[in-house]
Amino acid sequence: MPTTRSRALVIGAGIVGLSCAFFLRRTGHDVTILDRDPNGDRASLGNAGAIAQPEVMPIAAPGIVSKLPRYLLDPLGPLYIQLGYAWRLWPYLSRFLRAANNRQYAASAESMGSLLVTAFDDHGTIHQETGLGHLLSKDGHLWVYRSPAVRDALPDWKIRERQGLACTFLNRDDLVSEEPALGPMAACAVRTNDWATYVDPKAYVMGLMTHLREQGVAFQDCNVGTLDGDTVTGTDGRRYPFEHLVIAAGAWSHRLTEQLGDWCPLETERGYNTTIPSPGISLNRMLTFAEDHFVATPMSMGLRIGGAVEFAGLKTPPNFNRSKALLELAAKYLPELNVDGGTEWMGHRPSTPDSLPVIDRASRYSNVFYAFGHGHLGLTGSATTGRLIAALVRGEEASLDLTPFRIGRF
Ligand SMILES: Cc1cc2nc3c(=O)[nH]c(=O)nc-3n(C[C@H](O)[C@H](O)[C@H](O)COP(=O)(O)OP(=O)(O)OC[C@H]3O[C@@H](n4cnc5c(N)ncnc54)[C@H](O)[C@@H]3O)c2cc1C
């Protein structure tokens with residue numbers, strides 16, 4: 001690896017910031033990670049664990065506009081906008097609605113596909129040096145359907161197949177022989193093998209932090225307050241000069257980029273789950289219940305049932321009735337499921353209107369870089385983002401066209 005020693009700061013110790021630090025350190029930079037709570041909870045610790053290469057479709061799907069009024073009225077539905085928050089959501093929502101057309105949908109899916117095509121290789125690079133590959137279960141994935149609506153998803157599969165992603169249709173008998181815990185509600189499924197699952201996403205994050213410390217990366221407790229082109233200042237007044245800076249502060253990143261003159265309509269899609277230690281059933285792989293918009297992931301510590309998209313900002317307390325509603329849905333598909341003793345969790349997905357992350361250089365500062373907004377796919381896209389950011393910092397050409405990921409696109 002070439003060495004280009006410089007003092008690099010990364011803001012954010014989520015999976016995206018850690019991956020940036022990994023690839024920067026690998027190319028010889030002196031790296032310090034600033035986080036207001038490096039050992040605290042964050043989206044990267046409690047997610048569903050998927051490396052979901054085929055999950056390239058944006059949330060702003062054609063037809064979603066007609067469903068929004070229903071979503072507004074159902075606080076426990078798959079997508080909810082808290083009424084009191086709706087007016088603050090407008091900068092995001094107006095762009096989301098504009099993106100919900102066939103052309104933009106297909107374009108975003110192509111761009112996401114171009115980013116995720118190397119996801120397994122880039123996570124593999126991290127595994128090779130950290131020894132964390134044993135946490136990845138490569139058992140593929142099933143989209144489970146309760147009705148023949150699987151046909152409605154076929155246009156999505158045409159887009160995926162153009163990206164070289166293969167899928168197999170399973171009828172009810174095939175499905176039940178693959179996943180005997182499924183009850184009569186499960187009618188058919190689509191299987192993909194281009195999918196893997198971290199059996200403990202928190203262990204992956206913590207293991208990566210340990211590796212980075214061993215490699216000389218420093219972690220500082222710092223709640224970043226202000227910044228400019230050469231210094232970051234914590235809310236406690238401590239100053240951190242830098243030569244290169246990466247902003248990877250998840251759903252809070254836009255507050256920092258704005259100070260550098262780069263506005264971004266970043267929002268948080270709050271997601272919920274429950275991890276059940278003794279579910280009484282076992283699944284052989286991660287399942288997505290396509291029409292009901294939730295997932296079940298077998299993990300080392302139990303079965304994690306989760307999903308939901310809730311727009312209610314960064315400060316509203318969690319509404320764990322959502323986690324409970326997801327368990328009720330899960331019990332319909334998995335009749336023997338024991339839901340007792342679960343741990344409920346909510347995380348802030350950093351979300352952009354077109355579901356594409358921001359991977360870019362600051363418009364006014366050539367030494368500042370952005371890596372945030374990965375939405376539902378932050379774990380999946382983290383390693384590739386880290387590799388790309390390290391290339392940008394070195395002044396190299398990125399391995400893919402980063403135009404769709406520019407902050408100025410909004
Ligand atoms: C329910 C749920 C399920 C999910 N499932 C999956 C999945 O299966 N696969 C997948 O790929 N993705 C999944 N995701 C998405 C994924 O978890 C996120 O996209 C990803 O974790 C975002 O990582 P991040 O590093 O950008 O942000 P975070 O993990 O939120 O980290 C951001 C860090 O920045 C720090 N920070 C913020 N502001 C400041 C500041 N001013 N000063 C200092 N520090 C600051 C925070 O303390 C935090 O530690 C899921 C998300 C949820 C909620």
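These numbers come from the heavy atoms of this one structure, side chains and all, not from hydrogens, waters or symmetry mates. First listed ligand is number 1; within each ligand, the first listed atom is number 1.
Under a 3.5 Å cut-off, the side chain of Asn367 and the backbone N or O of Glu243 do form a donor-acceptor pair. Of the possible donor and acceptor atoms, none in the side chain of Asp37 sits under 3.5 Å from a partner among the backbone N and O of Asp221. Using a distance-only test at 3.5 Å, with no hydrogens or angles considered, no donor-acceptor pair links the side chain of Arg322 to the main chain of Gly271. Using modelled atom types, no side-chain atom of Thr288 and backbone atom of Phe294 make a donor-acceptor pair closer than 3.5 Å. Put simply, the side chain of Thr384 never gets that close to the backbone of Gly381: no donor and acceptor are under 3.5 Å apart.
Of all the listed residues (Glu55, Met346, Arg349), Arg349 holds the heavy atom that lies closest to atom 52 (C) of ligand 1. Nearest-heavy-atom check against atom 16 (C) of ligand 1 across Ser382, Ala119, Gly378 picks out Gly378. Comparing heavy-atom distances from atom 36 (N) of ligand 1 across Ala249, Gly46, Gly373 singles out Ala249 as nearest. Between the choices Gly250, Ala371, Ala13, the shortest heavy-atom distance to atom 27 (O) of ligand 1 belongs to Gly250. Evaluated by nearest non-hydrogen atom to atom 42 (N) of ligand 1, the leading choice among Val224, Asn273, Thr268, Leu314 is Val224.
Shown in contact with Asn223 at under 4.0 Å from a heavy atom are these atoms of ligand 1, numbered in order with element: 40 (C), 41 (N), 42 (N). Short contacts between ligand 1 and Gly347, defined as distances under 4.0 Å to a heavy atom of the residue, involve ligand atoms 53 (C). Listed by number with element, the atoms of ligand 1 under 4.0 Å from a non-hydrogen atom of Ile15 are 23 (O), 25 (O). Listed by atom number, the atoms of ligand 1 under 4.0 Å from Leu377 heavy atoms are 10 (C), 11 (O), 12 (N).
Among all protein heavy atoms, the one lying closest to atom 31 (O) of ligand 1 is Gly14 CA, 3.4 Å. In terms of protein heavy-atom proximity, atom 29 (O) of ligand 1 is closest to Ser44 OG, 2.5 Å. What sits closest to atom 17 (O) of ligand 1 on the protein, heavy atoms only, is Asn47 ND2, 3.1 Å. From the protein, the heavy atom lying nearest to atom 13 (C) of ligand 1 is His376 O, 3.1 Å. Closest to atom 49 (O) of ligand 1, if we only count protein heavy atoms, is Asp35 OD2, 2.6 Å. Nearest protein neighbour of atom 44 (N) of ligand 1, counting heavy atoms only, is Arg36 N, 3.2 Å. The shortest contact between atom 7 (C) of ligand 1 and any protein heavy atom is with Ala50 N, 3.5 Å.
In this structure, Glu129 and Gln215 have side chains that are not in contact, with every pair of non-hydrogen atoms separated by 4.5 Å or more. In this structure the side chain of Val199 never reaches within 4.5 angstrom of the side chain of Thr197, judged on heavy atoms. For the pair Tyr105 and Met57, the minimum side-chain heavy-atom distance is below 4.5 Å. Looking at Phe22 and His211, their side chains come closer than 4.5 Å, going by heavy atoms from C-beta outward.
Using a 4.0 angstrom heavy-atom cutoff, Cys222 counts as in contact with ligand 1. Ligand 1 has no atom lying under 4.0 Å from any heavy atom of Gly306. Using a non-hydrogen distance threshold of 4.0 Å, Gly375 registers as a contact of ligand 1.
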Working for ring-ring contact (aromatic ring centres under 6.0 Å, His included), residues His134 and Tyr198 = CA-CA 9 Å; His134 64 281; Tyr198 284 104; 9.7 Å; no
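Inclusion of Leu379 in the set of residues having an N or O under 3.5 Å from an N or O of ligand 1 is warranted. Taking distance alone, with nitrogen or oxygen atoms compared against 3.5 Å, His348 stays at or beyond that limit from ligand 1. Among the atoms of Gly49, some N or O lies under 3.5 angstrom from an N or O of ligand 1. Residue contacts with ligand 1: Ala48 is placed with a nitrogen or oxygen under 3.5 Å of a nitrogen or oxygen of the ligand (distance criterion only). When only interatomic distances are considered, the shortest N/O to N/O separation between Val16 and ligand 1 falls below 3.5 Å. Inclusion of Ala43 in the set of residues having an N or O under 3.5 Å from an N or O of ligand 1 is warranted. In terms of polar-atom proximity, defined here as any N/O pair under 3.5 Å, Ala251 makes no such contact with ligand 1.
Taking the six-membered ring for Trp and the full ring otherwise, Phe405 and Tyr370 have centroids separated by 6.0 Å or more.
Asp292 has a carboxylate O that lies under 4.0 Å from a charged side-chain N of Arg146, or vice versa, which qualifies the two as a salt bridge.
Pairing each heavy atom of Ala166 with each of Asp194, the nearest pair is N-OD2, 3.4 Å. Contact record, Pro58 with Ser355: CA-OG, 3.5 Å, taken as the closest heavy-atom pair.
Looking at Trp345 against ligand 1, only its side chain comes within 4.0 Å, counting heavy atoms.
In this structure, Arg191 is not positioned above the aromatic face of Trp143 in the sense of NZ or CZ being under 6.0 Å from the six-membered ring centre and within 45° of the axis.
When only modelled atom types and interatomic distance are considered, Thr118 and Arg387 share a side-chain donor-acceptor pair under 3.5 Å.
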